[in-house]
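Notes to accompany the following structure.
Because the structure is predicted, anything quoted here is derived from the model rather than measured.
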Amino acid sequence: MKILMLHVDDFSYEAKKKAIKSAENVSQKSYSTSNALVVFATVEPNDSKVLDDVVKDIVEQLNRLKVNEVVLYPYAHLSSTLAKPGEAIKVLLKLEEMLKEKGVKVHRAPFGWYKSFQIKCKGHPLAELSKRYSP
Ligand SMILES: C[C@@H](O)[C@H](N)C(=O)N[C@H]1[C@@H](O)[C@H](n2cnc3c(N)ncnc32)O[C@@H]1CO
């Protein structure tokens, strides 16, 4: 798995159009928030094995930033070895569940959609962090 964590003043997205057949059916097509950690996540094969490490790092970053909200944003652009959509959505749902079990407020952006988004990154020394995990 590859993730890019950005601490934002503001973040908003709008789901525009389904990008794949297996795109989620979503009732909420737009979302906006402030002072949150946006986690762009690219799922790679066998990533269910690395979720404990991913959760640990995200929770540690939240504690450093004194933030308790995560926007989990499926993003197929941080790796060239993508898990198939069917596997990827399962991993992201599990990641969401694990973070919620740790008391984190999680909003997961729709999977399989083209989305417009606006982002205002805070720009302090800890505001941008990328991690890679190998099973
Ligand atoms: C399209 C682009 O603008 C948008 N931002 C996008 O990336 N959409 C992705 C993810 O939502 C999801 N998706 C499919 N496979 C994966 C994967 N392995 N990991 C994460 N997401 C995936 O399916 C969409 C098309 O690849």
Side-chain angles (χ1 to χ4, degrees):
M1 180 175 284
K2 305 281 191 301
I3 65 172
L4 172 64
M5 295 186 270
L6 301 176
H7 186 195
V8 299
D9 276 320
D10 299 299
F11 180 75
S12 60
Y13 72 77
E14 188 184 342
K16 293 291 190 187
K17 191 177 158 220
K18 290 189 175 184
I20 54 176
K21 274 202 306 294
S22 55
E24 272 187 289
N25 291 317
V26 290
S27 48
Q28 185 179 0
K29 292 227 173 28
S30 62
Y31 184 75
S32 63
T33 190
S34 55
N35 191 26
L37 187 67
V38 179
V39 180
F40 291 92
T42 300
V43 181
E44 297 170 306
N46 306 308
D47 265 351
S48 53
K49 299 188 178 109
V50 304
L51 287 180
D52 288 329
D53 291 340
V54 177
V55 169
K56 178 175 163 291
D57 288 345
I58 291 174
V59 170
E60 275 176 10
Q61 185 66 352
L62 288 168
N63 291 337
R64 264 186 225 110
L65 300 171
K66 296 182 178 35
V67 162
N68 192 43
E69 179 181 352
V70 164
V71 178
L72 187 52
Y73 196 94
Y75 200 68
H77 306 287
L78 301 177
S79 167
S80 53
T81 51
L82 296 179
K84 291 191 176 9
E87 182 185 354
I89 181 65
K90 284 190 192 127
V91 168
L92 290 166
L93 286 167
K94 183 69 184 160
L95 176 55
E96 175 187 7
E97 180 195 320
M98 291 170 75
L99 286 168
K100 284 180 174 173
E101 279 165 8
K102 297 279 186 190
V104 178
K105 182 183 175 220
V106 183
H107 175 87
R108 187 174 50 79
F111 182 91
W113 286 73
Y114 294 111
K115 295 182 286 298
S116 62
F117 64 85
Q118 289 191 309
I119 192 162
K120 184 173 182 297
C121 183
K122 276 188 174 286
H124 60 69
L126 300 177
E128 298 160 279
L129 185 61
S130 65
K131 291 270 184 187
R132 52 193 52 235
Y133 303 85
S134 301

Check: N25/K18 side-chain N/O donor and acceptor closer than 3.5 Å: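 Note: N25 and K18 side chains meet the donor-acceptor criterion.
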
Enter the distance from [X]:[atom1] to [Y]:[atom2] here, rounded to the nearest 0.5 Å.
X    : Y    : atom1 : atom2 : result
K131 : M1   : NZ    : CE    : 14.0 Å
K105 : L62  : NZ    : CG    : 12.5 Å
L4   : E128 : CG    : CD    : 7.5 Å
E101 : M98  : CD    : CE    : 7.0 Å
S34  : K120 : OG    : NZ    : 11.0 Å
L129 : M5   : CG    : CE    : 4.0 Å

Side chains of [X] and [Y] in contact at under 4.5 Å (non-hydrogen atoms):
X    : Y    : result
T42  : H77  : no
W113 : K29  : yes
I119 : L6   : yes
L99  : K102 : no
T33  : V71  : yes

F111: ring-ring contact (aromatic ring centres under 6.0 Å, His included) partners, not counting sequence neighbours: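 With sequence neighbours excluded, F111 shows a ring-ring contact (aromatic ring centres under 6.0 Å, His included) to no residue whatsoever.
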
Heavy-atom neighbours of R64 CZ exceed 12 at 6.0 Å: yes

Positive for ring pair (Phe, Tyr, Trp, His ring centres under 6.0 Å) with H107, one of Y13, Y73, F11: Y13

Whether E24 side chain and V26 backbone form a donor-acceptor pair below 3.5 Å: no

Heavy-atom donor-acceptor pair, N46 side chain to S134 backbone, under 3.5 Å: no

Chi angles and distances behind the side chain to side chain contact (heavy atoms under 4.5 Å, CB included) call for N35, K122: CA-CA 9 Å; N35 191 26; K122 276 188 174 286; 3.5 Å; yes

Considering all heavy atoms, the nearest [X]-[Y] contact:
X   : Y    : value
A15 : P110 : CB-CG, 4.3 Å
A23 : G112 : CB-O, 3.2 Å
A41 : L72  : CB-CD1, 4.2 Å

Test: K2 and E44 ion pair at under 4.0 Å: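 Yes, charged N to carboxylate O under 4.0 Å.
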
Side-chain ion pair, R108 and E97, N-O less than 4.0 Å: no

Test log, rule salt bridge (Lys or Arg N to Asp or Glu O under 4.0 Å), inputs K16 and E14: CA-CA 6 Å; K16 293 291 190 187; E14 188 184 342; 3.5 Å; yes

Test of understanding: clusters of I, L, V, M, F, W, Y form through side-chain heavy atoms closer than 4.5 Å, transitively. Do [X] and [Y] belong to the same one?
X   : Y   : value
V50 : V55 : yes
V8  : I58 : no
L78 : I3  : no
Y75 : L92 : no
I89 : V43 : yes

Side chain to side chain donor-acceptor pair (under 3.5 Å) partner of Y133, chosen from D57, D52, D53, D47: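 When D57, D52, D53, D47 are each tested with Y133, the side chain to side chain donor-acceptor pair (under 3.5 Å) holds only for D57.
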
Centroid-centroid under 6.0 Å between F40 and F117 rings: yes

